[in-house]
K.L.:
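Got a structure here, written out as structure tokens. Questions coming.
Note that these values count all heavy atoms, side chains included, but never hydrogens, waters or copies made by symmetry.
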Amino acid sequence: MDPPEHTRLRRPVTSAFTPHAMADLTDRIIEVSGQLLDELEPHSHAELIGDFAARLPVAIIAHILGVPPRDSHKILEWGNSGAPLFDIGVNRNGYRRGIEGLGEAREYFGRLVDRLRSEPDSSIFGQVVTTSDLTRHELTATASIIMGAGFETTMNMLGSGIVLLLRHPEQLAMLRADPELWPNAVEEILRIESPAQMTMRRAHEDIELAGHRMQAGEIVMLLLGGANRDPARFDNPDSFDITRERAREHVAFGQGIHTCLGARLARIEGAIGLRMLFERFPDLALDGEPELRGLAVLRGFDRIPVQLSPIRTCPMSISPTRSR
């Protein structure tokens, strides 16, 4: 969409992400991360997409939408079934599963909107429902966008961050020595492994850009992953460097009026979730080859098998502090 319709639909949501709401979400991220790590601690092995990277953003999106914890698994199911619809050349079965999942989500969120109108709560989406003039259809679509945007890309970012840091122990060592580097590390993870590799736009008029002529009505594919490795913008663009000075100049979240609505939230989830994971399990190691999802648009991992080595409390010593 373009303004003014785009502005009308987006403003109520961005307005609901107040400083108070973001502080509440930060506390929730710390709480959920701690709970998930507590569940992992008794085990010697884990699969960190299903056990952590997917469950953290799902819990946060459920919190934002006011979805009861008992229903949060549905967000995971709908997100996984809908992801291939963003891709190129989705097959018939994948298309059918995605459409059916989105249909179930639409019905669920429609009922959620009705409930929040009659029984308002303090969730961010609850505030949007009760304070905006959006129609039921627009609110239902907004809930679906929040679900998709808040889950898929964050899960991919967390998974890619885990693999990158395990494959670059020298970078992880710098983070252990200086935890203040975590926010910039997240920017570098987003730059070098963009969760969304491409997006598209339609040309509204004939235009020439960088020597290429585009006709009005043509679809233009924008390769975000390629832009984030542009040697004219980044020195040694294929190297993973958490101290990179201009890492935040990536376009993994898009840019301009269509910048990802949840960019700030994703950054917080990455910095907190990854830091807590590696602090809780300082000897974390890959236990097999991570498996990519096999999608062209949404880049991330399906499975990350790991061996866990929890921090042990030793008598007569001070156990390391855990971030929770």
Side-chain angles (χ1 to χ4, degrees), residues 29-30 33-34 36-57 154-195 225 228-229 234-248 250 252 266-293 299-314 317-324:
I29 291 166
I30 294 171
S33 296
L36 295 175
L37 297 176
D38 286 345
E39 293 179 21
L40 289 176
E41 195 159 18
H43 304 284
S44 60
H45 294 78
E47 191 286 290
L48 287 183
I49 294 297
D51 293 337
F52 185 74
R55 293 179 64 190
L56 174 57
T154 305
M155 177 184 69
N156 291 342
M157 175 194 66
L158 291 169
S160 294
I162 292 167
V163 173
L164 281 166
L165 290 168
L166 290 177
R167 286 176 172 171
H168 295 83
E170 77 289 350
Q171 302 291 309
L172 184 54
M174 284 192 282
L175 286 166
R176 297 194 195 285
D178 183 7
E180 297 298 317
L181 289 172
W182 271 110
N184 201 68
V186 170
E187 302 297 342
E188 180 68 350
I189 291 165
L190 289 163
R191 183 195 70 82
I192 201 164
E193 290 289 5
S194 305
N228 286 343
R229 296 195 183 204
F234 303 104
D235 294 333
N236 300 314
D238 294 329
S239 65
F240 177 54
D241 179 8
I242 65 166
T243 65
R244 188 181 296 276
E245 292 184 359
R246 298 165 59 186
R248 196 181 172 93
H250 63 76
R267 287 180 163 109
I268 296 172
E269 287 185 76
I272 292 175
L274 291 173
R275 177 177 177 177
M276 290 182 66
L277 173 69
F278 282 101
E279 287 185 351
R280 180 73 71 92
F281 301 105
D283 298 317
L284 187 70
L286 290 174
D287 186 38
E289 190 65 20
E291 298 175 13
L292 284 166
R293 302 182 68 185
R299 180 171 175 80
F301 289 92
D302 240 353
R303 298 185 71 257
I304 304 176
V306 296
Q307 182 174 343
L308 304 172
S309 297
I311 295 173
R312 303 298 183 184
T313 302
C314 301
S317 68
I318 300 176
S319 61
T321 300
R322 295 177 182 171
S323 296
R324 293 203 179 169

K.L.:
Within the distance-only criterion (no hydrogens, no angle test), does the side chain of R176 pair as donor or acceptor with the backbone N or O of P282 below 3.5 angstrom?
P.N.:
yes
K.L.:
Judged by atom type as modelled, is there a donor-acceptor pair below 3.5 Å linking the side chain of N184 to the main-chain atoms of I242?
P.N.:
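Yes, the answer is positive, given that a donor and an acceptor are paired below the 3.5 Å cut-off.
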K.L.:
In this structure, are over 12 heavy atoms from other groups packed under 6.0 Å from E170 atom CD?
P.N.:
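Atom CD in E170 is crowded, with more than 12 foreign heavy atoms closer than 6.0 Å.
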K.L.:
Checking S239 against R244: is there a side-chain donor and acceptor pair closer than 3.5 Å?
P.N.:
yes
K.L.:
Do I272 and W182 touch side chain to side chain, with heavy atoms closer than 4.5 Å?
P.N.:
no
K.L.:
Do M155 and I49 have side chains that approach each other closer than 4.5 Å (heavy atoms only, starting at C-beta)?
P.N.:
yes
K.L.:
Are L48 and L284 side-chain neighbours, meaning at least one heavy-atom pair lies under 4.5 Å?
P.N.:
yes
K.L.:
Looking at E188 and D241, would you say the former's side chain and the latter's main chain have a donor-acceptor pair under 3.5 Å?
P.N.:
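Yes, the answer is positive, given that a donor and an acceptor are paired below the 3.5 Å cut-off.
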K.L.:
Hey, does the side chain of R275 reach the backbone of L175 with a donor-acceptor pair shorter than 3.5 angstrom?
P.N.:
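No: the side chain of R275 does not pair with the backbone of L175.
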K.L.:
Judged by atom type as modelled, is there a donor-acceptor pair below 3.5 Å linking the side chain of R293 to the main-chain atoms of R299?
P.N.:
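Between the backbone of R299 and the side chain of R293 there is no qualifying donor-acceptor contact (under 3.5 Å).
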K.L.:
Using a 3.5 Å distance criterion without hydrogens, assess whether the side chain of E47 forms a donor-acceptor pair with backbone atoms of P305.
P.N.:
no
K.L.:
Can you tell me if CG on N236 sees more than 12 non-hydrogen neighbours from other groups inside 6.0 Å?
P.N.:
no
